[in-house]
Amino acid sequence: MADRTNLIMNPPVNRYRGALPKIGIRPTIDGRRRGVRESLEGVTMGMAQAAAKLITENLRHPNGMPIECVIADSTIGGVAEAAACQDKFSRENVALTLTVTPCWCYGSETMDMDPQTIKAVWGFNGTDRPGAVYLAAVLAAHSQKGLPAFGIYGQDVQDLSDISTIPADVADKILRFARTGLAAAWMRGKSYLSVGSVSMGIAGSISDSDFFQEYLGMRNEYVDMSELTRRLEEKLYSDAEYKRALDWTLANCKEGPDNNPEEVQHKRHHKDEVWKTCVKMAIIVRDLMIGNPDLKRKGLNEEALGHNAILAGFQGQRHWNDHFPNGDFLEVILNSSFDWNGIRAPYIVATENDGLNGVSMLFGHLLTGTAQMFSDVRTYWSPAAIERVTGWKPDGAAANGLIHLINSGATTLDGTGKQRKDGKPAMKPFWEISSEEAGACLDAVSWRYASLGYFRGGGYSSDFLTEGDMPVTMCRLNLIKGIGPVLQLAEGVTVTIPGEVHDKLDLRTDPTWPTTWFAPRLTGEGAFKDVYSVMAKWGPTTAPSPMATSVRTLSPWQASSEFRSVCTMWTQTGYTGPATGTPLAWIRKARTTGPARPWGRCTSRNQMSTTRYILREVI
């Protein structure tokens, strides 16, 4: 059993260079004096204060730190006050703005004109003053000026005297905008670190720097895998942390059976050395991502800095793994919400340097604060095939068949499903995870020696079975020539099947790797007609899962000049705003069906408000 006493909660920290993004609240008002503006001052500022209270009480940054809202020093009735607000926000590192108003205002004079901010406008639904008219007018101005903004409008009429009460539907839209806007802001200026190059010809590991720069606002950093060799041989890591990490690993990571033929199995002393190398690799890759001040004690000032990488990928196969231990342990432990240093925010590291999967994982993490699984979408098992092979007729969530998600042991330990939310399996933000839950995740994993046919240098792969009844969403980002980025999503639930059935199915692949049985939510039509259609229409062969968020239907991407970021909208029945889990903030209220196709292509890379790409609708 894992030692729970070492699994302490670490306080939230900002790992990356630069201040955390803030949310600016802009209370706009009818500028006419002699009674009009004066009668609205308290109500308008009250809306701003209520919005700020809602956001700060319900959301955190993905690193667990509190979100700070900055309110303009005064209501904004004209261009002078708008300029004063923009000046304050620029000094406060405001990255997204929410304009709020209960009344008519002078649109182009009061709107947020900063091309760098992500914008939304909440127009109060009331009869006293025309807040909805301003909302429509200012959104038209945003579109005309190429400054996209998301509109927020409540379904029910409110009384002006009840301004401090934010209706549930409005609160939901504000929080979704804040969450997605912050996700976009978090990526700006950060790095994707490629450790190695292209793995086994996987196109997702061909880093497209234009995509990262123009859509995500990120830079690309590159480190050859020989840098790991240098740091291993020259001991360019913290000796104290390495000793602590190795002791913790040997005490808490239980080994399982070695499935390699006995005549080729590595000797015990060799396996012990492999454990040491695996632990060092995890520390080194983390240091490459964010740096390590402790390295300064060795005079390693350059190495201590890191690459400010919010996301990394490790090539591994085959150039590294044919000689050195594989990267499974480093990927598992970094992607998990705990290690020898206790419970902390996960790092996002993509197997095989698949940066597109990495971006999908990054979206999920930034939107939910949770760890992300990385799995192959391996096999569709029809009910008939399951019954033929095992003698068991699938029922319940498995009645329509299952998709086998499995990977080479490089999956976050949070994916065991041993954490609990409302008594059910869940993947939670690290600040909600107890030491008992972290220990239960460790206890559910068996570390299997790598298959030497795949990984000639050995290594250790995590082996576990994800607990059923956990809502998950498969997600995969692709780049399509001539079209651009396309996101695939499939919402569903993990499934528990009888143990003997799992064993028979699992033994047909690789029993040393972690398995998640996935049943997608079906609609009876299109790509979600049945489970087979989901599998057959899934583009690439790999997908990170879950994002721990509920997603229904997918609508289009948009591009903006100031942030060139992939933008999506998921809509719920009867609601055309973005659902929880929207990666970014620019929204166009429309649905799309059918294959991806160009639509409204930008005539210039500096043209902001034009919708640039349509996504393939997959749900």
Side-chain angles (χ1 to χ4, degrees), residues 1-11 64 240-258 268 271-272 274-283 285-286 325-347 349 369-374 407-421 423-450 459-468 470 494 496 499 511-516 548:
M1 178 176 288
D3 183 3
R4 271 65 167 171
T5 60
N6 292 327
L7 295 168
I8 59 173
M9 176 65 67
N10 284 285
E241 183 181 11
Y242 163 63
K243 183 180 184 306
R244 186 174 72 253
L246 181 62
D247 290 345
W248 181 90
T249 299
L250 297 179
N252 293 284
C253 298
K254 61 186 179 185
E255 285 192 39
D258 185 341
R268 183 67 255 172
K271 292 181 177 179
D272 292 341
V274 166
W275 266 125
K276 294 176 183 178
T277 302
C278 288
V279 172
K280 292 174 185 176
M281 288 167 59
I283 294 173
V285 170
R286 184 209 60 200
N326 64 23
D328 284 2
F329 179 80
L330 81 85
E331 292 159 5
V332 169
I333 209 67
L334 292 180
N335 277 311
S336 299
S337 299
F338 44 85
D339 61 13
W340 46 85
N341 291 316
I343 300 171
R344 43 77 177 152
Y347 301 84
V349 182
T370 61
Q372 302 295 299
M373 291 174 61
F374 187 113
N407 192 35
S408 60
T411 296
T412 175
L413 302 182
D414 300 56
T416 57
K418 296 302 180 183
Q419 299 164 24
R420 288 293 182 270
K421 195 162 190 175
K424 294 184 177 181
M427 292 173 66
K428 302 194 296 187
F430 82 93
W431 59 86
E432 296 180 3
I433 299 173
S434 68
S435 58
E436 183 59 37
E437 289 172 324
C441 292
L442 285 164
D443 290 339
V445 178
S446 174
W447 292 89
R448 310 292 293 274
Y449 202 70
Y460 283 93
S461 300
S462 61
D463 176 26
F464 62 80
L465 176 61
T466 300
E467 198 165 330
M470 182 167 67
T494 62
T496 296
T512 69
W513 296 348
T515 279
T516 302

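A quick note: this is a predicted structure, and the numbers were derived from the prediction, not measured.
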Nearest 0.5 angstrom please: [X] [atom1] to [Y] [atom2], how far?
| X | Y | atom1 | atom2 | value |
| --- | --- | --- | --- | --- |
| C253 | L442 | SG | CG | 6.0 Å |
| S462 | I333 | OG | CD1 | 9.5 Å |
| S337 | K428 | OG | NZ | 10.5 Å |
| T494 | L465 | OG1 | CG | 9.0 Å |
| S461 | E331 | OG | CD | 9.5 Å |
| T416 | M427 | OG1 | CE | 8.5 Å |

Next item on the list: Over 60° means perpendicular and under 30° means parallel, so classify the ring planes of W248 and W340, tilted if in between.
Entry: perpendicular
Note to self: Tell me whether the rings of W275 and F329 are parallel (<30°), tilted (30 to 60°) or perpendicular (>60°).
What the structure shows: perpendicular
Check: Salt bridge check: are D443 and R4 linked by an N-O gap of less than 4.0 Å?
Finding: yes
Next item on the list: Flag the pair K276 and D272 as a salt bridge only when some basic side-chain nitrogen lies within less than 4.0 angstrom of an acidic carboxylate oxygen.
Entry: no
Least distance between heavy atoms, [X] atom then [Y] atom:
| X | Y | answer |
| --- | --- | --- |
| N407 | F374 | ND2-O, 3.2 Å |
| N335 | A371 | O-CB, 3.2 Å |
| K418 | E437 | O-CG, 4.3 Å |
| P511 | D463 | O-OD2, 3.1 Å |
| E255 | Y460 | OE2-OH, 3.4 Å |
| F464 | A444 | CB-O, 3.4 Å |

Note to self: Determine whether T466 and T411 satisfy the following criterion, side chain to side chain contact (heavy atoms under 4.5 Å, CB included), listing intermediate values before the conclusion.
What the structure shows: CA-CA 11 Å; T466 300; T411 296; over 6 Å; no
Note to self: Would you say that more than 12 heavy atoms from the other residues, nucleotides or ligands in this model lie under 6.0 Å from the NZ of K421, or not?
What the structure shows: no
Measuring only between side-chain heavy atoms, which start at C-beta, is [X] closer than 4.5 Å to [Y]?
| X | Y | answer |
| --- | --- | --- |
| I433 | D414 | yes |
| N341 | E241 | yes |
| F430 | N10 | no |
| V274 | Y449 | yes |
| R420 | E436 | no |

Item checked: Between Q372 and T370, a side-chain donor and acceptor under 3.5 Å -> yes
Item checked: side chain to side chain contact (heavy atoms under 4.5 Å, CB included) between V332 and W447, worked out -> CA-CA 11 Å; V332 169; W447 292 89; 3.5 Å; yes
Checklist line | Steps toward side chain to side chain contact (heavy atoms under 4.5 Å, CB included) verdict (D339, R344) | finding: CA-CA 8 Å; D339 61 13; R344 43 77 177 152; 3.0 Å; yes
